[in-house]
Structure formats: C-alpha cells, structure tokens
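What follows is a single structure, written as structure tokens, with notes after it.
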Amino acid sequence: MTFTVAIDGPAAAGKGTISKAVAAHFGFAHLDTGLLYRAVGRRTLDGEAAEVAARTLRPEDLERDDLRTAEVAQAASKVAAIPEVRAALVDFQRAFARRAGGAVLDGRDIGTVICPEAEVKLFVTASAEVRAERRYLELTAKGHVTTLDAVLADVRERDARDADRATAPMKPAEDAVLLDTSAMDIPAALAAAIAQIERKRPGRG
Ligand code: C5P
C-alpha cells in the first residue's frame with residue numbers, strides 16, 4: 001500500500017510535531033524535508049557551494065546536532081530558493097513518499113510540487129506571533145539564548161523568502177485542507193489532522 005500525507009506550512013507552525021505524531025498514530029514513515037535544506041545550508045556555512053552540497057548529501061549530514069539553530073534555518077531558506085538545489089532533492093523525496101506502508105512528508109512544497117498526487121494534503125498555519133512564541137519557548141528550553149523579538153523577526157524573514165521565491169514557493173495546494181492552529185493546543189491540532197486522514201484512508205470512503 002502507498003499512501004502519502006503532505007503537510008506544508010510556514011516556519012514553526014507545528015508541522016513537525018503534528019507530522020511525527022500522525023506518522024506514529026498510523027504507522028507511517030516520516031520525512032522532515034526541512035532537514036534536507038538545513039543540511040545543505042549547514043554545508044554552505046562550512047564553505048561549500050549549495051548545488052554541490054545538495055547533489056552529494058550524505059545520511060550523516062542529516063544527523064548533525066547543529067541543524068536546528070536560527071543561523072542554519074536562515075541558510076536553509078537561502079539555499080532553498082536555488083532551483084538546482086531543489087531539483088537535486090526531488091527524487092529522494094518522491095521515492096520516500098511512495099514507499100510501501102504509507103509516508104508523511106512535511107515541508108513547504110510537498111502538496112504542490114513533490115507530491116501533487118498525495119492522498120491527503122494539509123496546510124498547517126498559525127499567526128506569526130503565535131509561531132514565534134512557540135519557537136522561542138522551544139529554543140530557550142533547549143538552552144539557546146535568544147529573544148522573542150529576534151525569533152519573530154527570523155520567522156517573518158524566512159516566511160517572506162519562502163513565499164516569494166520563484167521556484168516552488170510556499171503556498172497551500174488548491175486541494176489542501178487549511179489547519180490554523182493559532183488557538184489550538186497540540187492534542188486538538190493532532191485530532192483535526194487525524195480526522196482528515198481517516199476520511200481518505202483506503203476502504204473508509
Ligand atoms: O521546516 P524547516 O523550518 O526546518 O525548513 C527550513 C527551511 O527549508 C525553510 O525555511 C524553507 O526555506 C526550506 N524548505 C523548503 N521546502 C521544504 C522544506 C523546507 O524550501 N519542503
């Protein structure tokens with residue numbers, strides 16, 4: 001059985017949390033596609049050309065423990081605007097999406113470009129202020145030193161770059177279900193996502 005769930009949306013909207021939990025709930029594999037761009041961005045910070053890094057991405061690049069910083073997030077969103085970088089990462093993502101047993105992919109262009117045929121497409125969003133606050137709490141809990149204003153500025157800058165780029169801009173697919181989590185806690189957002197997937201599962205009509 002192949003069954004693809006595409007979860008897109010802006011930075012810190014809760015896509016990662018929802019995707020992981022949905023994958024665990026249904027027994028699907030999960031790919032955080034942002035990690036691919038973060039790993040490429042990380043290698044550019046180490047001095048490599050983005051296109052070369054994307055073409056030669058290695059499993060260990062995804063295992064580095066410094067991919068979650070604001071610096072790497074910004075580098076990721078810069079390399080993500082380069083068409084050759086995106087092209088180099090397409091086949092891996094598509095193969096993952098169609099693996100047997102079902103897959104959840106979260107990112108910015110999964111429902112529009114990577115898997116336009118996905119059985120379920122969700123676009124998870126929340127106000128920039130709510131997203132910045134969640135990311136701020138997450139970062140400070142991990143010991144990162146930052147301010148709410150700095151996180152808000154980072155989120156807004158990345159959203160603008162991701163939405164305005166010419167290649168695969170962040171936007172909901174026409175047939176995506178919008179999930180605004182501004183006023184939802186995690187269990188409520190997860191229940192809403194699971195309900196959408198249940199409606200499309202084979203044999204459920
Ligand atoms: O989701 P995450 O914040 O880890 O993504 C980091 C960056 O990678 C995003 O700001 C975006 O520029 C890029 N990205 C993308 N397409 C995806 C996933 C992430 O362009 N499918």
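First listed ligand is number 1; within each ligand, the first listed atom is number 1. Quantities reported herein were computed from a predicted structural model and do not represent experimental measurements.
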Those atoms of ligand 1 less than 4.0 Å from some heavy atom in Ala80: 12 (O), 13 (C), 20 (O)

For Gly107, atoms of ligand 1 separated by under 4.0 Å from a heavy atom: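 Answer for ligand 1: 17 (C), 18 (C), 21 (N).
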
Can you tell me if [X] and [Y] form a side-chain donor-acceptor pair at under 3.5 Å?
{"X": "Arg86", "Y": "Thr167", "result": "no"}
{"X": "Arg38", "Y": "Thr33", "result": "no"}
{"X": "Thr2", "Y": "Arg98", "result": "yes"}
{"X": "Thr125", "Y": "Arg131", "result": "no"}
{"X": "Asp180", "Y": "Ser182", "result": "yes"}

Check whether any N or O atom of [X], backbone or side chain, sits under 3.5 Å from an N or O atom of ligand 1, and answer yes or no.
{"X": "Tyr37", "value": "no"}
{"X": "Gln93", "value": "no"}
{"X": "Asp106", "value": "no"}

Whether Phe96 and Phe92 hold their rings parallel, tilted or perpendicular, with breakpoints at 30° and 60°: tilted

CA sep, side-chain torsions, deciding dist, call: Thr181, Arg134, side-chain contact (heavy atoms from CB on, under 4.5 Å): CA-CA 11 Å; Thr181 67; Arg134 287 180 190 160; 3.1 Å; yes

In terms of residue, atom name and distance, what is the protein heavy atom nearest to [atom]?
{"atom": "atom 4 (O) of ligand 1", "value": "Arg38 NE, 2.6 Å"}
{"atom": "atom 6 (C) of ligand 1", "value": "Arg158 NH1, 3.4 Å"}
{"atom": "atom 17 (C) of ligand 1", "value": "Arg108 N, 3.4 Å"}
{"atom": "atom 18 (C) of ligand 1", "value": "Thr33 OG1, 3.4 Å"}
{"atom": "atom 10 (O) of ligand 1", "value": "Asp162 OD2, 2.7 Å"}

Nearest heavy atoms of Asp8 and Ile110, plus distance in Å: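 Heavy atoms of Asp8 and Ile110 come nearest at OD1-N, 2.9 Å.
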
Arg165 contact mode with ligand 1 (heavy-atom cut-off under 4.0 Å):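 Under 4.0 Å from ligand 1, Arg165 contributes side-chain atoms alone.
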
Side chain, backbone, both or neither: the part of Ser77 lying under 4.0 Å from ligand 1 by heavy atom: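 The part of Ser77 near ligand 1 is both the backbone and the side chain.
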
Identity of the nearest option to atom 16 (N) of ligand 1, non-hydrogen atoms only, from Arg161, Arg86, Met170: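 Heavy atom nearest to atom 16 (N) of ligand 1 belongs to Arg86.
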
